[in-house]
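So you know, we letter chains A, B, ... as the sequences are listed, proteins then strands, and number each from 1. Heavy-atom basis, side chains included; hydrogens, waters and symmetry copies ignored. If you're wondering where the values come from, they're calculated on a predicted model, not measured in any experiment.
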There are 2 protein chains.
Amino acid sequence: MSAQLARPHILDPHGALDPCATCEARPVSVCNAIADTDLGRLAAIAVVTETEPGQCFIDEGEPANSFFNITAGTAKLFKLLPDGRRQITGFVGAGHFLGLAVSDTYAFSAEAIERVRFCRFQRSKLRMLLDDFPLMEKRLLEVAANELVAAQEQMLLLGRKTARERLASFLLLQSRQGMPCGHSRRRFSLPMTRSDIADYLGLTIETVSRTLTKLRSEGLIDVVSQAEIIVRNPSGLEGLAGGLC
Amino acid sequence: MSAQLARPHILDPHGALDPCATCEARPVSVCNAIADTDLGRLAAIAVVTETEPGQCFIDEGEPANSFFNITAGTAKLFKLLPDGRRQITGFVGAGHFLGLAVSDTYAFSAEAIERVRFCRFQRSKLRMLLDDFPLMEKRLLEVAANELVAAQEQMLLLGRKTARERLASFLLLQSRQGMPCGHSRRRFSLPMTRSDIADYLGLTIETVSRTLTKLRSEGLIDVVSQAEIIVRNPSGLEGLAGGLC
DNA sequence: CGGTCACTTGATCGTCTTCAATACCAGTGG
DNA sequence: CCACTGGTATTGAAGACGATCAAGTGACCG
């Protein structure tokens with residue numbers, strides 16, 4: 001018998017540390033639908049992985065063998081046109097579940113912006129697990145429903161809002177990122193580049209840059225550094241964004 | 001005792017005709033996750049309703065008390081900006097389930113294009129029912145996942161495609177409407193107006209009209225009547241649409 | 001036959017894109 | 001310490017695509 005580490009109370013039956021029990025993303029993730037006592041089963045099929053910034057960990061069109069659950073860092077999801085035009089469909093952080101599509105290939109690509117850590121689940125294994133934990137399936141449905149609402153909001157932005165309105169909406173969204181519902185930060189930093197913002201808002205980097213400058217000159221925001229934003233006039237921004245809920 | 005109607009074999013225990021057993025939308029709807037023997041419970045909480053074209057049956061921002069399941073006709077889903085700009089997020093037909101949002105108010109409005117028939121379910125009642133039929137919850141998750149994929153495709157369209165490409169994508173989508181996966185019709189009719197198409201594609205009616213004329217003059221399509229389209233060159237359209245899966 | 005409504009077509013305009021130059025910043029090596 | 005480099009962001013000028021404004025067409029209907 002090999003030497004045991006300390007803290008045997010968080011060892012699972014196989015003698016390894018249970019990563020799920022101590023996972024900092026659990027409170028904000030679908031995993032919280034699984035009781036502590038059953039957490040070992042989830043941990044048993046989770047493969048924790050880390051990626052460097054700029055690294056792609058999901059490729060549109062490839063066979064969809066895995067589900068993913070982000071536990072740290074930020075990634076961008078995007079779709080490409082044959083000629084290289086790109087649409088970023090979302091920025092995802094800790095707690096976000098990926099790969100829900102029913103199709104047998106991924107419908108989008110995912111690339112790490114910051115260093116990203118995630119759990120990878122083999123689809124077939126997770127599906128079996130879900131059969132035993134209907135509560136988690138319920139949570140997934142909730143999550144999917146919320147994402148659908150967000151997607152519709154983004155369609156409104158892309159189809160009908162001006163560049164100014166898009167930037168205002170985007171900045172407000174970022175200021176609420178990770179905050180409890182109804183709250184926001186006045187000061188926050190953007191982990192993504194201007195190019196990412198442009199491809200998320202259906203604009204060019206030049207228009208993003210120009211519009212940010214304009215918003216700054218009007219006193220609505222402050223651009224402390226390239227990545228650092230301060231919202232000077234939240235209600236003004238909200239007015240511009242046009243009733244983003 | 002009151003007089004009985006004929007066809008007693010499709011009477012449910014309460015003596016009313018079971019609408020679900022004979023529903024023509026059932027094969028294409030989430031209801032097919034419920035076994036024939038349990039169908040009475042679903043029918044018991046379904047309120048069948050019909051709406052005239054142009055009538056709104058879901059209003060964005062109103063308390064979300066009901067789920068809906070379209071059984072006939074076509075409706076448009078849309079969001080509005082305070083100044084009246086509109087983005088149509090989808091056209092939905094028989095089998096489509098509405099109201100999945102977790103929020104306590106609707107995130108979009110729905111208006112009948114053709115005469116629409118749907119089942120209305122009180123949210124609380126359907127939620128209780130779902131607890132007893134996890135298979136239906138599974139189906140809902142599948143449906144939501146598929147809609148999410150479609151929404152991302154639409155974001156790509158709205159954010160990065162030109163007017164020509166948007167029309168091409170839209171026409172291909174319509175030509176596949178209601179067809180088994182991988183199939184499409186060469187000839188089909190559009191139930192919606194140019195204004196609806198414009199608000200779905202993030203364009204104006206003038207641009208939609210002009211672009212259709214252009215596609216016709218190039219021999220890609222034929223516009224038989226205002227509502228009737230024939231695809232003359234499917235692969236040409238697909239090339240334009242740019243890899244719509 | 002006049003009215004309405006949806007659609008089409010034309011002319012002009014404006015927002016955002018494209019192309020191009022410049023600024024900024026961190027890292028590297030002389 | 002300072003030039004050099006590569007990547008990212010900003011700013012400027014010109015151009016294009018789609019929007020806006022406006023007029024005309026055709027179908028349907030009372």
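- Salt bridge absent: A:E111 and A:R86 never bring a charged side-chain N and a carboxylate O closer than 4.0 Å.
- Considering only heavy atoms from C-beta on, B:F91 comes within 4.5 Å of B:K76 through its side chain.
- Here B:T213 does not reach the OP1 or OP2 of C:dT8: none of its side-chain N or O atoms lies under 4.0 Å away.
- Straight-line distance from the CZ atom of A:R86 to the P atom of C:dT17: 15 Å, rounded to whole Å.
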Restricting to nitrogen or oxygen on both sides, can you table the protein-nucleotides 11-13 of chain C pairs closer than 3.5 Å?
residue: C:dA11; atom: N6; partner: B:R210; partner atom: NH2; Å: 3.4

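- Minimum interatomic distance between A:L100 and A:A144 (heavy atoms only, all atoms of both residues): CD1-CB, 3.9 Å.
- With hydrogens and angles ignored, the 3.5 Å screen pairs no side-chain donor or acceptor of B:K161 with any backbone N or O of B:L156.
- Between the side chains of B:R120 and B:S66, at least one donor N or O sits under 3.5 Å from an acceptor N or O.
- Ring pair A:F57/A:F118 is parallel by interplanar angle, where below 30° counts as parallel and above 60° as perpendicular.
- Atom P of nucleotide C:dC19 and atom CD of A:E206 are separated by 10 Å, given to the nearest angstrom.
- Electrostatic pairing of B:R187 and B:D222 does not count as a salt bridge here, judged by no charged N lying under 4.0 Å from a carboxylate O.
- Counting non-hydrogen atoms under 4.0 angstrom, A:T193 reaches the backbone sugars and phosphates but no base.
- Taking atom CG of residue B:L167 and atom C1' of nucleotide C:dT8, one finds them 14 Å apart after rounding to whole Å.
- Between the CZ atom of A:R85 and the P atom of C:dT17 there is a distance of 13 Å, rounded to whole Å.
- The interatomic distance linking B:R216 (CZ) with C:dC7 (C1') rounds to 13 Å, in whole Å.
- A straight line from CG of B:L212 to P of C:dC7 spans 10 Å, rounded to a whole angstrom.
- In terms of modelled atom types and a separation under 3.5 Å, the side chain of B:R123 and the main chain of B:G99 share a donor-acceptor contact.
- Across all non-hydrogen atoms, the minimal contact from B:P63 to B:Y106 is O-CE1, 3.4 Å.
- When DNA chain D is scanned in the 5' to 3' direction for atoms under 4.0 Å from non-hydrogen atoms of chain A, the outermost contacting nucleotides are D:dA9 to D:dA13.
- Interface remark: the B:Q226 side chain does not form any donor-acceptor pair with the C:dC5 base, using a distance-only criterion of under 3.5 Å.
- The separation between A:I205 atom CD1 and C:dT18 atom C1' is 11 Å, rounded to whole Å.
- Counting to the nearest Å, the C1' atom of C:dT15 and the NZ atom of A:K161 are 18 Å from each other.
- Heavy atoms of B:L203 sit under 4.0 angstrom from primed sugar atoms or phosphate atoms, though from no base atom.
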